[in-house]
2 protein chains.
Amino acid sequence: MNKRGRPRDFDYTSIVDVAMKTFWSKGYNGCSTHDLCSDTGLGKGSLYNTFGSKQDLYLAVVEHYHETGIREQRALLESPGSVKERLHNFLAWALVEDFESTNPKGCLLINAGLERAKDDPKIEEIVSRHVELLKQTMETVMEEGLRTGEISKKRSAVDLASLFLSSYYGFRVLNTSTQNRTLAEQIMNGTMESIFGA
Amino acid sequence: MNKRGRPRDFDYTSIVDVAMKTFWSKGYNGCSTHDLCSDTGLGKGSLYNTFGSKQDLYLAVVEHYHETGIREQRALLESPGSVKERLHNFLAWALVEDFESTNPKGCLLINAGLERAKDDPKIEEIVSRHVELLKQTMETVMEEGLRTGEISKKRSAVDLASLFLSSYYGFRVLNTSTQNRTLAEQIMNGTMESIFGA
DNA sequence: TTATTATTGTAACAATCGGTACAAAAATAA
DNA sequence: TTATTTTTGTACCGATTGTTACAATAATAA
């Protein structure tokens, strides 16, 4: 009595994954439902029957990006190794994302926040949630650094995490809009030094 | 022999100024030429006769934002007072922009960079130029701080400026997309402490 | 005045926008 | 098989997109 009717011949999350790349590289307003159909291979019928609207699909995409992204970021920050190594690896990962990907498109969450948070409260909610989780993870790392003495005490974990968080997002924004590798390396240096000293 | 023909009955730069607000709050792809006409009060004839295309008008807008913005930012960073005061005033100014403006829309240059730099090389050029000028101004300030001892030596002016630059842009991005005042103040604290100590 | 030149508003352009209607297709439950 | 339910592709919707055509308007140069 449950699964009557023609089954869909595509996988939900892999369609979200493809749509993610389309939205990611063109932006919400910059891509059309036709773009989404041709990239995913779905017809409009299936697209709208499954996701409801462009806005709802975007929501699913941003949520998916958040979930996979926060997992990846936590893995980097909670990996074995010194605090210094972990923070450096985190920035190095972002550097690769922003420069060595086939077509660099920065952080989708930032794009979504700037383009849509004002118009779509659900987008703002996801972005806020992601930022909060990432910041808490960074705080835990900073606490560890302070405890072990890797970070010379004097500053609170909250302040350290807030600094690292903002510098990280500025890093990504500057990488995406200027594609300046020299600047990127200077930011990495400046950020690491500001936490661990020269 | 020079100025024959009907003169235009509007001022070029004040139209650019109005169009700036439209692009600023809706984004490039998010606003239409109709929006621009109704906001500026111009007809399509005048709009296209004067600016050529939506893309060219956007270019003029971003260039105008850069020019007025870099002047304001330099004035803050080169004002009399201690280095610490000036850097704090700079962040405080951004805070007001992002939270107390009638409708907060963040930094237009960031939006332009993220939305259009990849598609329009001229936009990337303006953003890169702006960032470079701002960074150089920050470097000069950091040099002064290092010289007078306000900033305890050990780090280079370049690294200090790069850190402050990235943290500033992250600050603005997070303010715009999350509207989280508590976070904003923590970032201000963390950033100032990272340069001057707790 | 008259000729010239630029600006103005309006109408229209083909193309595309997000979204819907709907019948054909394809599966299961009975 | 037959009845039921869902998905699929296609055709289509009115509205809007960026842009152009053009005649009317309004100024100066002669």
Side-chain angles (χ1 to χ4, degrees), chain A residues 1-62 112 115-116 118-120 122-123, chain B residues 1-62 112 115-116 118-120 122-123:
Chain A
M1 63 231 330
N2 225 351
K3 38 187 172 174
R4 197 150 42 174
R6 178 175 177 176
R8 57 175 61 131
D9 63 351
F10 58 86
D11 176 48
Y12 182 94
T13 60
S14 53
I15 293 296
V16 171
D17 213 71
V18 173
M20 183 174 81
K21 281 156 194 156
T22 304
F23 277 126
W24 199 350
S25 69
K26 299 188 177 182
Y28 179 80
N29 286 314
C31 88
S32 64
T33 53
H34 175 262
D35 292 332
L36 293 164
C37 285
S38 57
D39 285 6
T40 59
L42 296 189
K44 292 207 159 182
S46 303
L47 219 250
Y48 275 86
N49 183 43
T50 308
F51 298 101
S53 68
K54 182 186 178 185
Q55 192 172 338
D56 287 338
L57 173 56
Y58 190 66
L59 223 52
V61 157
V62 175
E115 187 178 9
R116 296 289 304 160
K118 214 171 29 177
D119 298 323
D120 189 337
K122 293 180 182 174
I123 292 292
Chain B
M1 60 233 330
N2 226 351
K3 38 186 172 173
R4 199 149 37 171
R6 180 176 175 176
R8 55 175 61 131
D9 64 350
F10 59 85
D11 176 50
Y12 181 95
T13 62
S14 52
I15 293 295
V16 172
D17 213 70
V18 174
M20 183 173 82
K21 281 155 194 156
T22 304
F23 277 125
W24 199 351
S25 69
K26 300 189 175 182
Y28 178 80
N29 286 313
C31 88
S32 65
T33 52
H34 176 261
D35 292 332
L36 293 163
C37 285
S38 57
D39 285 5
T40 59
L42 296 188
K44 297 209 154 177
S46 303
L47 220 251
Y48 274 85
N49 182 43
T50 308
F51 298 101
S53 69
K54 184 187 178 185
Q55 191 171 341
D56 287 339
L57 172 56
Y58 190 67
L59 222 53
V61 157
V62 175
E115 188 178 7
R116 296 289 302 162
K118 214 172 25 176
D119 297 325
D120 189 340
K122 292 181 182 173
I123 292 293

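Chain naming here is simple, since letters A, B, ... match the order of the sequence lines and numbering starts at 1 in each.
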Length of the line joining B/Ile15:CD1 and C/dT8:C1', which is rounded to integer Å: 13 Å
Separation of atom CG in A/Asp9 from atom P in D/dT7, rounded to whole Å: 11 Å
Nucleotide nearest B/Pro7 (side chain, heavy atoms from C-beta), chosen from D/dA27, D/dT8, D/dT19: D/dA27
Touch class at under 4.0 angstrom, heavy-atom based, for A/Phe51 against every strand present: nothing
Distance-only donor-acceptor test, B/Arg8 side-chain atoms vs C/dT7 base atoms, 3.5 Å: no
Atom-pair distance (CG on B/Asn49; P on D/dT19), nearest Å: 14 Å
Phosphate OP1/OP2 of C/dC17 contacted by A/Ser32 side-chain N/O (<4.0 Å): yes
Flag for B/Ser32-B/Asp35: side-chain donor and acceptor within less than 3.5 Å: yes
Side-chain N,O (B/Ser46) to OP1/OP2 (C/dG9) below 4.0 Å: yes
Length of the line joining B/Arg6:CZ and D/dA26:C1', which is rounded to integer Å: 5 Å
Separation of C/dG19 C1' from A/Leu57 CG (nearest whole Å): 14 Å
B/Lys122 and B/Gln55: CA distance, side-chain angles, deciding distance, side chain to side chain contact (heavy atoms under 4.5 Å, CB included) verdict: CA-CA 10 Å; B/Lys122 292 181 182 173; B/Gln55 191 171 341; over 6 Å; no
B/Phe51 and B/Tyr12 aromatic centres sub-6.0 Å: yes
A/Asp35 CG to C/dG18 C1', straight-line distance once rounded to whole Å: 12 Å
Shortest side-chain distance from B/His34, nucleotide among D/dA26, D/dT8, D/dT17: D/dT17
Touch class at under 4.0 angstrom, heavy-atom based, for A/Cys31 against every strand present: sugar-phosphate
Verdict with supporting geometry, B/Ile15 and B/Thr50, side chain to side chain contact (heavy atoms under 4.5 Å, CB included): CA-CA 10 Å; B/Ile15 293 295; B/Thr50 308; over 6 Å; no
Among D/dT19, C/dG19, C/dT7, the nucleotide that comes nearest once only the side chain of A/Ser53 is considered: C/dG19
Selected nucleotide, minimal atom distance to B/Tyr48 side chain, candidates C/dG19, D/dT20, D/dT7: D/dT20
Spacing of A/Lys44 atom NZ relative to D/dT10 atom P, expressed in whole Å: 13 Å
Geometric cation-pi criterion, B/Lys54 with B/Tyr28: 6.0 Å, 45°: yes
Interatomic distance, A/Lys26 NZ vs C/dT16 P [rounded to whole Å]: 12 Å
